[in-house]
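A short write-up of the structure that comes next.
Computed from a prediction, not measured in an experiment: that's the story for all the values here. Positions are given from 1, in the same order as the sequence printed here.
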Amino acid sequence: MDDDLQELQTADYFPENEPVLLGYQARWFEDESEVKIAEKSRRTGLTWAEAACNVITASKPKRRGGRNVFYVGSRQEMALEYIAACALFAKAFNQMAGTVSESMFKDEDGSKEILTYTIRFPNSGFKIAALSSRPSNLRGMQGDVVIDEAAFHDSLHELLKAAMALTMWGARVRIISTHNSVDNEYNHYVEDARAGRKPYSIHRITLDDALKDGVFQRICYVTGQKWSPEAEFAWRNKTIANAPSKEAADEEYFCIPSQSGGAALSRVLIEARMDQRYPVIRLSKDNSFNEWPEHLRQAEIKDWCEEYLLPELSKLDQNLQHAFGEDFGRLGDLTVIDPMTIEQNLDRTVPFSVELRNIPFKQQEQVLFYIVDRLPKLVGGALDAGGNGMYLAEQARHRYGSGRIREIKLSESWYLENMSKFKAAFEDAKLTIPADNDQLNDLRALQVVNGIIRLPKAKTETGSNQRHGDSAISKALAYFASLQDAHIIEYNPVPSKQERRDRDDELTPAHKGGW
């Protein structure tokens, strides 16, 4: 074992004048969160980066945050590979480290002997210990814990229960894995972290992310190959083609847990969050309305707002904060506007929903401003800024300020970052919405596509009632806006010229001359 480690040469792994760690490895290295979790492509070298971090930790004195590190893999080969990487980094960083030693300890119930590989750092007094198999717990130890290929542990829950207890004394926990099906415990932890239920930092590294940061160039350096864009493209395709199936390739290389498809929200769950007290208010016009003179269209919409929207707006609690979301549509799809009340207990309520069909741009703006101008304690809004929606989003930003308005171009990365939180609000009974069959179908249209909750391209209705999950997106945007860190600014607006003239007309001559 020691001879093998002595043969490792740092120059074989670290090109001259190149960073030791690739971009995604460096981001993981620099993240000092108490608990962080990584979902990654196979063989992207994240454990390698973790070994570098662990050597720094174990070599530092206690006063500078030094501590022991315990690595828990699922096989002896993983422990050997990890401890070899630690030995290599100790040499590269000029950290004095003892030789690798082997020892045995018994699992808590005494039924199993665990082989460990240990490197000690005499200057700090700390050690790195790599365990050759999965102990039932880590009780009695103190230090950082690294759980590698977490999705392949028999009882990740029990292991984490013991590991998390160590954080009470300042230790940290790192969870690293590729996926192993959508129902795996590890995937549940990933979803909880992404939804905000768990205060874990989360990193996602697909094969393409790693290639973008230069992983194949590093592979070429280590293996003595010549790098070129053509060689990288061919290597990527061969790697994916060698997987047993597309589903396996998605899971192994693109962080998509297998069997991760279907509706994101069940009908039963959605109906449980609906309340009959909250209405859906609809406005639809035929094409002739667009030919009306502007002043007549404005007057028509003003009367409609005062008849249908003002009564609902008048019911809002003036002491509570509010946000809103808007999904834009002009000809085929709907525009949906969802105000959202942030209750005293931080639950969210959609007190009413507005659906506009075939309404001109200026009148959509008129309806939006009528609603948002009257939302008490507005903390923020999020608007669909894709395509023609950019106009309305931009006008809202000008009116209410860039600090409160988010112009969102829906993308895979936005869905990945935010839709798990939206789903969690339904699951945790933190969101109440209007009871409406069309809007229920919109929410049912949300699908898990390649492991990400999003709206597919297919329409949810056809013909004159065409929908595209519009109210699902507006509600997701409203929920997103309600979570943003905005501040309420109380102010008195400057009176308009007409208001100043009206005020002057009300003053007596004595007032006009005497002040």
Side-chain angles (χ1 to χ4, degrees), residues 265 267 269-285 301 304-317 320-330 333-343 347-359 363-376 378-384 389 392-393 396 408 410 419 422-423 425-426 430-446 455 460-461 465-483:
L265 298 169
R267 174 179 290 272
L269 179 60
I270 297 168
E271 288 190 9
R273 306 294 170 249
M274 287 183 158
D275 193 313
Q276 296 281 354
R277 292 175 296 170
Y278 306 129
V280 175
I281 303 169
R282 295 181 166 95
L283 173 64
S284 178
K285 293 292 186 180
I301 295 302
W304 180 84
C305 289
E306 291 181 348
E307 180 177 357
Y308 294 100
L309 301 185
L310 186 59
E312 301 303 324
L313 289 161
S314 300
K315 297 176 185 177
L316 300 179
D317 191 327
L320 295 179
Q321 296 179 349
H322 289 76
F324 73 93
E326 180 262 3
D327 184 49
F328 181 84
R330 176 59 184 92
D333 299 333
L334 299 170
T335 288
V336 183
I337 304 168
D338 277 312
M340 185 168 284
T341 303
I342 304 172
E343 307 290 352
D347 287 357
R348 269 68 171 169
T349 300
V350 176
F352 63 92
S353 184
V354 176
E355 294 186 358
L356 307 176
R357 185 182 294 279
N358 200 26
I359 302 300
Q363 275 54 68
Q364 291 195 34
E365 177 184 317
Q366 185 180 350
V367 172
L368 177 70
F369 289 173
Y370 189 93
I371 294 169
V372 179
D373 284 351
R374 291 163 177 78
L375 292 181
L378 178 67
V379 296
L383 297 93
D384 167 24
L392 200 54
I408 305 299
L410 298 170
M419 292 304 283
F422 183 56
K423 180 182 179 182
F426 280 87
K430 303 295 290 181
L431 176 62
T432 303
I433 62 176
D436 183 85
N437 188 61
D438 286 343
Q439 296 207 349
L440 183 148
N441 288 333
D442 285 347
L443 289 161
R444 285 282 290 152
L446 292 172
L455 199 64
T460 53
E461 297 282 348
N465 292 321
Q466 178 174 288
R467 304 176 71 94
H468 186 212
D470 311 289
S471 67
I473 297 302
S474 63
K475 287 172 178 57
L477 289 168
Y479 190 76
F480 164 80
S482 76
L483 298 175

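Leu316 is listed as a side-chain neighbour of Leu375, based on a closest heavy-atom distance under 4.5 Å. Leu431 places none of its side-chain heavy atoms less than 4.5 Å from the side chain of Asp347. In this structure, Arg357 and Leu283 have side chains that are not in contact, with every pair of non-hydrogen atoms separated by 4.5 Å or more. You'll find the side chain of Asn441 reaches within 4.5 Å of the side chain of Asn437, heavy atoms only. Residues Phe426 and Leu443 form a side-chain contact, since some pair of their non-hydrogen atoms from C-beta on lies under 4.5 Å apart. Considering only heavy atoms from C-beta on, Met274 stays 4.5 Å or farther from Pro434 through its side chain.
Separating the CZ atom in Phe352 from the NZ atom in Lys315 is a distance of 10.0 Å, to the nearest 0.5 Å. Separation of atoms CG (Asp327) and CD1 (Ile408) is listed at 12.0 Å; rounding is to 0.5 Å. Within the model, atoms OG of Ser284 and CG of Leu356 stand 9.5 Å from one another, a figure rounded to the nearest 0.5 Å. Atom CG of Leu309 sits about 5.0 Å away from atom CD1 of Ile281, to the nearest 0.5 Å. Asp384 contributes atom CG, which lies 10.0 Å from atom OG of Ser474 (distance to the nearest 0.5 angstrom). Taking CZ from Arg444 and CG from Leu269, the interatomic distance works out to 10.0 Å, rounded to the nearest 0.5 Å.
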(request) Determine, step by step, whether Cys305 and Val367 satisfy the side chain to side chain contact (heavy atoms under 4.5 Å, CB included) criterion, reporting the C-alpha distance in whole Å, the side-chain angles of both residues, the deciding distance to 0.1 Å, and the verdict. (result) CA-CA 7 Å; Cys305 289; Val367 172; 4.2 Å; yes
(message) Let's go through His322 and Thr341 carefully: what are the C-alpha distance in whole Å and the side-chain angles of both, what is the deciding distance for side chain to side chain contact (heavy atoms under 4.5 Å, CB included) to 0.1 Å, and is it a yes or a no?
(response) CA-CA 5 Å; His322 289 76; Thr341 303; 3.0 Å; yes
(request) Go through the steps to decide whether Phe422 and Leu483 satisfy the test side chain to side chain contact (heavy atoms under 4.5 Å, CB included), and finish with yes or no. (result) CA-CA 11 Å; Phe422 183 56; Leu483 298 175; over 6 Å; no
(request) Run the numbers on Leu477 and Phe324 for side chain to side chain contact (heavy atoms under 4.5 Å, CB included), then give the verdict. (result) CA-CA 7 Å; Leu477 289 168; Phe324 73 93; over 6 Å; no
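For Tyr479, there are no ring-ring contact (aromatic ring centres under 6.0 Å, His included) partners two or more places apart in sequence or in a different chain. Not counting sequence neighbours, the partners of Thr349 by the side chain to side chain donor-acceptor pair (under 3.5 Å) test are Glu343. When the salt bridge (charged side-chain N to carboxylate O under 4.0 Å, His left out) test is applied to Arg267, the partners found at least two apart in sequence or on another chain are Glu271.
Counting only distance, with no hydrogens or angles, the side chain of Glu326 and the backbone of Leu383 share no donor-acceptor pair below 3.5 Å. Panel note: side chain Asp470, backbone His468; a donor-acceptor pair is recorded below 3.5 Å. Counting only distance, with no hydrogens or angles, the side chain of Asn358 and the backbone of Lys285 share a donor-acceptor pair below 3.5 Å. A distance-only check finds a donor-acceptor pair linking the side chain of Arg348 to the backbone of Ser482 [under 3.5 Å]. The closest donor-acceptor contact from the side chain of Gln321 to the backbone of Pro376 lies at 3.5 Å or more, if one exists at all. No donor-acceptor pair closer than 3.5 Å links the side chain of Arg374 to the backbone N or O of Leu310.
Neither side chain, Thr432 nor Asp275, offers a donor N or O lying under 3.5 Å from an acceptor on the other.
Minimum interatomic distance between Ala472 and Asp442 (heavy atoms only, all atoms of both residues): CB-O, 3.5 Å. Between Ala481 and Ala382, the shortest heavy-atom distance links the atoms CB-N, 3.7 Å. Smallest separation of non-hydrogen atoms from Gly329 and Gln364: O-NE2, 3.1 Å. Considering every non-hydrogen atom in both Ala478 and Gly325, the closest pair reads CB-N, 3.4 Å.
Using cut-offs of 30° and 60° for the angle between ring planes, the Trp304 and Tyr308 rings count as tilted.
Salt-bridge formation is detected for the pair Arg282/Asp436: a Lys NZ or Arg NE/NH1/NH2 atom is positioned less than 4.0 Å from an Asp or Glu carboxylate oxygen. Residues Glu355 and Arg467 are paired through a salt bridge, judged by an N-O separation under 4.0 Å between the basic side chain and the carboxylate.
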